[in-house]
Student: 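Pasting in a structure now, in C-alpha cells, and then I'll have a few things to ask.
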There are 2 protein chains.
Amino acid sequence: MINYTVSEENYIKTIHRLQQYGTVTTNALAAELKSKPASITAMMKKLKAKKLLNYQPYYGFRLSAEGNKVALLIIRRHRLWEYFLAEKLQFSWDEVHEVAEHLEHVSSKKLIDKLDEFLGFPTADPHGDPIPDAQGKIKNIQKVCLTDLPLNKPATVCQVADQSPSILELLNHNQIKIGTRVEVKRKFDFDNSLEIKTKQTAPFTISEQLAKNIFLNYAE
Amino acid sequence: MINYTVSEENYIKTIHRLQQYGTVTTNALAAELKSKPASITAMMKKLKAKKLLNYQPYYGFRLSAEGNKVALLIIRRHRLWEYFLAEKLQFSWDEVHEVAEHLEHVSSKKLIDKLDEFLGFPTADPHGDPIPDAQGKIKNIQKVCLTDLPLNKPATVCQVADQSPSILELLNHNQIKIGTRVEVKRKFDFDNSLEIKTKQTAPFTISEQLAKNIFLNYAE
DNA sequence: TTATATTTTTAGTTTTACCTAAATTTTTAT
DNA sequence: ATAAAAATTTAGGTAAAACTAAAAATATAA
Ligand SMILES: [Mn+2]
Ligand SMILES: [Mn+2]
Ligand SMILES: [Mn+2]
Ligand SMILES: [Mn+2]
C-alpha cells in the first residue's frame, strides 16, 4: 500500500464517513473538514489523479474501491489506538479520539498488526464502533436487547425503546445514555434482574423491565 | 510547552545530538539531515526567532536552555516508544528506530506520561540509551563490569577490554557484541561463573574470566 | 422559461519546507 | 599578507496545502 500525506488521509477518512448517506458534495466536505470549498476542489483533483476517487466536476464524489480500502485501513489504525489508549493507558472514552487522530497517521503495517495482536484482536473501539481487521473486513454489528447480551461482552447503547420521562429519569440516575458502553456481569434468575457495569460506574443492578427497553450495538 | 512542526522537531533533536561534540556547523547538520546547507540556514533563522537556538551567522549553533528542554522531550518520546515496540510488540532492536521516528512527533503530554507509567518507568531504551523522565532528567549512565552488574538489571555492552581473536571468537559464539543488551540471571559462588541472558538467546553460562572483560552502560 | 440563488470551480496569494546557483564571509596555505 | 579553498548565506524558484475573490455551472422558483 502506497503512503499518503496526513492531509490526504484526513480527506479520505472524512469522505468515507459522509458517503454512507449518498454522494458527498464540495460544501459538505468543506464544512466537515473546517476548510473552504476551493481547497476541497483542489484536493479532489489530486485524489482523482491517484485513482482513489470517482468524481465528475460539479457532481459529488465517492471513493473508488482502492479509496475505500485506504479508508478502512486508516479507520483500523484510529480505532486500535483508541482501544489501546482506553484499555492500556486508562484514558477515558472522551479523551481517546483527539490523540488517535494523530497516531492514526503512523503507517507502519507491522506496528498496527502487532498492536492488534497485543490488544487481543478487539472488535470494537471504546465508543463501540467496529474495528476493521488486517484485511479491512468489519464484523457485523447487530442490535441486541440488554436482556440478551452475553456476560462480560461490552456493547454500546444505541436505542432506548420507551421515551417516557420516568425511564429517562432512571437512565440518567444510572448514568446511561446513547453511546454508553455497558457490560453485563451477572444475571439473577429470581427476578431476571441484571448486574451491569459502565466505564464510569461500579457494578449495579437494574430491573428486567428497564433492561428490556435498552438496545445495544454488539459485534459478533 | 508550545507545539513544533515535525521538521522543527527533527532539526532540534539532531542539533542536540551533534552539539555534544562542540558547536554544530551548517554543513555537519546538512549532512546529518540529508539536506542542503541553504535549507539549514533558513531553519536556523526560524529556530533562533523562536528562541530555541543561540546562533551568530557564519559561526555554529547551540540549543538555548529552552531548545534543550524541547530536545529532551522529543528524545523521551522516541525512546519510550522504542521500549514499547520492543517489550510489548516484540519488535527486534533494529526495527524499533524507524517506527519511533514517526511516533515521537505525536505530542500529547498525557499520552507520553501514561505510556511511561504503563511501561513501568523504564530508564533505558532497547539500545541501552537512557530515557529522560517527565522533567527531562536523565539518570546517570555509568560503566560497570559484567561481574558487578546487579541481577535482572539489563545493561548494554559498551566495551570489551581484551581484543584478542580468542575472546572475539567466544563473544561471537555467544552472540555478544557492542550494543548487545545483557542481563545477569544468576551468580555461582563456586567458580564465580554467571548465568546471563540476551534478547536473542536463552540463558547460558559464562566464565568469570570472560565476564571480567565485558563492560556495560548501566543506568542507576 | 427565464431570472435568481446556490454550488462549484478557477485564478491568484500565502506559508512552509525544500531545492540550485550565485554571492559573501571565513579559513587555510603559500 | 594575500590568494585560493571552504563554508555559509542570500537570491530566486518549486511543490503542497491552505486561503480569498471572481467566474462559471447548476438548481430553484416565479
Ligand atoms: Mn475517534
Ligand atoms: Mn487524522
Ligand atoms: Mn532510535
Ligand atoms: Mn523524527
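Note: hydrogens, waters and symmetry copies are ignored here, and every other heavy atom, side chains too, is used. Chain A is the first sequence line, chain B the second, and so forth, proteins listed ahead of strands; every chain is numbered from 1.
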Student: Hey, does the side chain of A/Y11 come within less than 4.0 Å of D/dA16's phosphate (OP1/OP2), counting only N and O?
Tutor: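 For A/Y11, the contact criterion (side-chain N or O under 4.0 Å from OP1 or OP2 of D/dA16) is not met.
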Student: Roughly how far, to the nearest 0.5 Å, is CZ of A/F84 from NZ of B/K88?
Tutor: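 One gets 9.0 Å once the value is rounded to the nearest 0.5 Å.
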Student: Rounded to whole Å, please give me the gap between CE in A/M43 and P in D/dC19.
Tutor: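 So the two atoms are 11 Å apart, to the nearest Å.
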Student: Check whether A/F91 forms a cation-pi arrangement with B/K114 (NZ or CZ under 6.0 Å from the six-membered ring centre, at most 45° off the ring normal).
Tutor: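 Not satisfied by the 6.0 Å and 45° rule.
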Student: How about A/S166 and A/S164: does a side-chain donor come under 3.5 Å of a side-chain acceptor?
Tutor: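 Note: A/S166 and A/S164 side chains meet the donor-acceptor criterion.
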Student: Please determine whether a side-chain nitrogen or oxygen atom of A/K36 lies at a distance below 4.0 Å from atom OP1 or OP2 of D/dA18.
Tutor: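 For D/dA18, OP1/OP2 do not have a side-chain N/O of A/K36 under 4.0 Å.
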Student: Does a nitrogen or oxygen in the side chain of B/S35 sit under 4.0 Å from OP1 or OP2 of C/dC19?
Tutor: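 Checking B/S35 against C/dC19: at least one side-chain N or O falls below 4.0 Å of OP1 or OP2.
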Student: For the pair made of CG in B/L29 and C1' in D/dA7, what is the distance, rounded to whole Å?
Tutor: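 For the pair B/L29 CG and D/dA7 C1', the rounded distance is 14 Å.
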Student: Take the protein atom CG of A/L33 and the nucleotide atom C1' of D/dC19, then report the distance between them rounded to whole Å.
Tutor: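 So the two atoms are 15 Å apart, to the nearest Å.
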Student: Do B/N27 and B/T25 have side-chain N/O donor and acceptor atoms under 3.5 Å apart?
Tutor: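 No pair is found: no donor N or O on one side chain lies under 3.5 Å from an acceptor on the other.
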Student: Would you say the side chains of B/N217 and B/Q142 form a donor-acceptor pair under 3.5 Å?
Tutor: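 Not at all, the side chains of B/N217 and B/Q142 share no donor-acceptor pair under 3.5 Å.
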Student: For a quick check, with a 4.0 angstrom heavy-atom cut-off, what is the B/S/- contact string for nucleotides 4-10 of chain C, read 5' to 3'?
Tutor: ---SSBB
Student: Look for any protein N or O under 3.5 Å of an N or O in nucleotides 1-3 of chain D and output each such pair with its distance, or none.
Tutor:
none

Student: If a pair satisfies side chain to side chain donor-acceptor pair (under 3.5 Å) and one of its residues is in residues 47-66 of chain A, list it, with sequence neighbours excluded.
Tutor: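 Sorted pair list: A/E8-A/K50.
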Student: Does a salt bridge link B/D133 with B/R76, judged by any charged N lying under 4.0 Å from a carboxylate O?
Tutor: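 Looking at B/R76 together with B/D133, the answer is no, because their closest N to O distance does not fall below 4.0 Å.
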Student: Is there a donor in the side chain of B/H78 and an acceptor in the side chain of B/D125, or the other way round, less than 3.5 Å apart?
Tutor: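 B/D125 and B/H78 do not have a side-chain donor-acceptor pair below 3.5 Å.
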